[in-house]
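As the structure is a computational prediction, the values presented were derived from the model and not from experiment.
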Amino acid sequence: MTDKILSSHIVTMENRTSLKLTGVTQVVSYDEYKVVVKTDCGRLTVSGRNLVAGEMSTSGKTLQLTGEIDFLQYSKDKGKSEKGFSRLLK
């Protein structure tokens with residue numbers, strides 16, 4: 001099975017203080033230390049300090065973040081495979 005990319009997903013970071021994301025479909029959670037978004041390429045976690053969400057465009061599916069960015073991490077959205085694995089642990 002191949003993953004289908006719905007639209008373009010671009011990550012642009014400048015000096016670890018400014019981050020622009022395209023292909024954002026949903027903001028899952030947000031605080032000054034961590035921002036979690038769903039993108040066309042999976043779930044993206046941005047971690048750092050003093051994170052501030054600036055521009056957000058739902059029509060253009062873009063998000064602008066500023067702050068001290070420590071790391072970016074992609075993961076798959078929770079799905080059937082994780083449910084099956086959690087049953088094994090019970």
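- Identified under the salt bridge (Lys or Arg N to Asp or Glu O under 4.0 Å) test for residues 17-33, with sequence neighbours left out: none.
- Nearest heavy atom pair, residue T17 against residue I69, reads C-CD1, 4.2 Å.
- Linking ILVMFWY side-chain heavy atoms closer than 4.5 Å, directly or via other members, places V35 and M13 in a single hydrophobic cluster.
- Nearest approach of M56 to V27, heavy atoms of both residues: CE-CG2, 3.9 Å.
- Linking Ile, Leu, Val, Met, Phe, Trp and Tyr residues whenever their side-chain heavy atoms come within less than 4.5 Å places Y74 and L72 in a single cluster.
- Linking Ile, Leu, Val, Met, Phe, Trp and Tyr whenever their side-chain heavy atoms come within less than 4.5 Å leaves L51 and V36 in two separate clusters.
- Legend: ring pair (Phe, Tyr, Trp, His ring centres under 6.0 Å) pairs involving residues 21-72, not counting sequence neighbours: none detected.
- Applying the side-chain contact (heavy atoms from CB on, under 4.5 Å) test between K38 and each of T25, L44, V24 identifies T25 as the sole match.
- Here OG of S29 is found 5.5 Å from NZ of K34. Values are rounded to the nearest 0.5 Å.
- V28 and V11 fall into different hydrophobic clusters, where Ile, Leu, Val, Met, Phe, Trp and Tyr are joined by side-chain heavy atoms under 4.5 Å apart, directly or via other members.
- In this structure R49 satisfies the salt bridge (Lys or Arg N to Asp or Glu O under 4.0 Å) test together with E68, D70, sequence neighbours excluded.
- The two residues S8 and D40 make their nearest non-hydrogen contact at O-OD2, 4.3 Å.
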